[in-house]
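Shown next, in structure tokens, is the structure this report addresses.
Every heavy atom of this structure was used, including side-chain atoms; hydrogens, water molecules and symmetry mates were not. Each ligand, and each atom within it, is numbered from 1 in the order the structure gives. Starting from 1, each residue takes its place in the sequence as its number. All of these numbers come straight from a predicted model, not from anything done at the bench.
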Amino acid sequence: MKVGVLALQGDFVEHIQILRSLGVEAVEVRKPEHLRDLDALVIPGGESTTFAKLAAAYGLMEPIRDMCTSGKPVWGTCAGLIFLAKDAGRPQPLLGVLDVNVKRNAFGRQVDSFEVDLDVPELAQVEKNGNKPRPFHGIFIRAPLISSVGKGVHVLAKLEDGTIVAARQGNLLATSFHPELTEDRRFHEYFLKMGDGSRRS
Ligand code: GLN
């Protein structure tokens, strides 16, 4: 399996390291031709407006959109989630493939970054013993929240107050937080499993 990580800006190195530790070929994506033979794509955290500017400059907007609609797994973390979304509340170029509304910097500035344990029942899919999964440690850095989801979107995790912070729409996965900044590889394992033909909407 060959997985690309969008490497225009942001924390792509951490995703690549985790993916390689899971035994998959992980490569940096900077040009449209890098997408050609990929089985899956990760869009990391960073700055969503910068992604859009650079992606447009490198001719990547349409090829990434095509990858999203092709049925291959695509995962956006934090700024990557914003980039996938249909609406970010104010005008900015987005891929617009994930039927959610997001609110950027919803929890405040960099100093308001926080960490919290999340219940993610869906991670049972990667538990070896089939038990209820233990909580996943979510790291939120100037994170967006998902303010609403469309009909085909499955909510994967919420904060205690009900704020949606992870969701899946078929082959598209989105998290407000940064699994690549933890030692816990279950979200990456879950993402790789999405390519096994296990579709969900
Ligand atoms: N605040 C960034 C944005 O709005 C996202 C931050 C992140 O990816 N850690 O694009």
Side-chain angles (χ1 to χ4, degrees), residues 3-19 26 28-30 40-58 60-61 64-65 67-68 73-118 120 136-149 153 155-159 161 163-169 172-188 190-191:
V3 182
V5 181
L6 190 65
L8 299 174
Q9 185 253 348
D11 67 337
F12 53 89
V13 173
E14 288 81 354
H15 275 293
I16 287 177
Q17 281 167 349
I18 295 191
L19 290 165
E28 296 179 2
V29 171
R30 292 200 176 80
L41 176 71
V42 176
I43 305 176
E47 190 61 44
S48 56
T49 48
T50 309
F51 283 173
K53 267 185 212 143
L54 295 173
Y58 289 98
L60 277 163
M61 291 296 276
I64 295 177
R65 228 177 245 134
M67 177 119 190
C68 293
V74 180
W75 176 17
T77 55
C78 202
L81 148 63
I82 299 167
F83 197 36
L84 287 174
K86 198 181 66 181
D87 194 320
R90 61 178 116 142
Q92 78 178 68
L94 301 169
L95 294 168
V97 289
L98 180 66
D99 191 10
V100 301
N101 291 286
V102 297
K103 186 163 177 247
R104 292 180 62 197
N105 304 323
F107 305 98
R109 299 154 63 96
Q110 192 87 4
V111 289
D112 302 311
S113 297
F114 64 100
E115 303 187 14
V116 68
D117 281 341
L118 299 164
V120 191
F136 193 92
H137 193 66
I139 300 179
F140 294 78
I141 304 169
R142 285 192 309 118
L145 63 76
I146 299 175
S147 47
S148 66
V149 301
V153 182
V155 172
L156 301 187
K158 291 181 182 175
L159 299 180
D161 66 1
T163 303
I164 302 169
V165 291
R168 176 170 172 186
Q169 173 191 310
L172 305 178
L173 177 65
T175 52
S176 298
F177 47 94
H178 292 270
E180 75 284 6
L181 299 182
T182 67
E183 300 283 300
D184 193 339
R185 302 184 297 186
R186 286 177 296 160
F187 250 100
H188 289 79
Y190 175 78
F191 173 62

Report yes or no: does E180 contribute a side-chain atom to a donor-acceptor pair with the main-chain N or O of D11 at less than 3.5 Å?
no

Please state which part of R104 comes within less than 4.0 Å of ligand 1, counting heavy atoms only: side chain, backbone, both or neither.
side chain

With I43, which of I64, T77, L8, V29 fulfils side chain to side chain contact (heavy atoms under 4.5 Å, CB included)?
I64

Under 4.0 Å from a heavy atom of S48: give me the atoms of ligand 1 that qualify, with their elements.
3 (C), 4 (O), 10 (O)

Using a strict 4.0 Å cut-off to heavy atoms of N105, name the atoms of ligand 1 that fall inside it.
1 (N), 2 (C), 4 (O)

Please confirm whether the ring centroid of F177 lies under 6.0 Å from the ring centroid of F187.
yes

Those residues that, when tested against F191, pass ring-ring contact (aromatic ring centres under 6.0 Å, His included) (two or more places apart):
W75

At under 4.0 Å between heavy atoms, what of I82 touches ligand 1? The answer is side chain

Are any of the side-chain heavy atoms of F12 and E28 separated by less than 4.5 Å?
yes

Would you say T77 has any N or O atom under 3.5 Å from an N or O of ligand 1, going by distance alone?
no

Under 3.5 Å, is there a donor on one side chain and an acceptor on the other for N101 and S147?
no

Sub-4.0 Å atoms of ligand 1 with respect to non-hydrogen atoms of G45:
8 (O)

Tell me the nearest of P144, G10, G46, P44 to atom 2 (C) of ligand 1, using heavy-atom distances.
G46

How about V74 and L95: do any of their side-chain heavy atoms sit closer than 4.5 Å?
no

T49-ligand 1 polar pair, N/O distance under 3.5 Å
no

Candidates A79, C78, S176; heavy atom nearest atom 7 (C) of ligand 1 found on C78

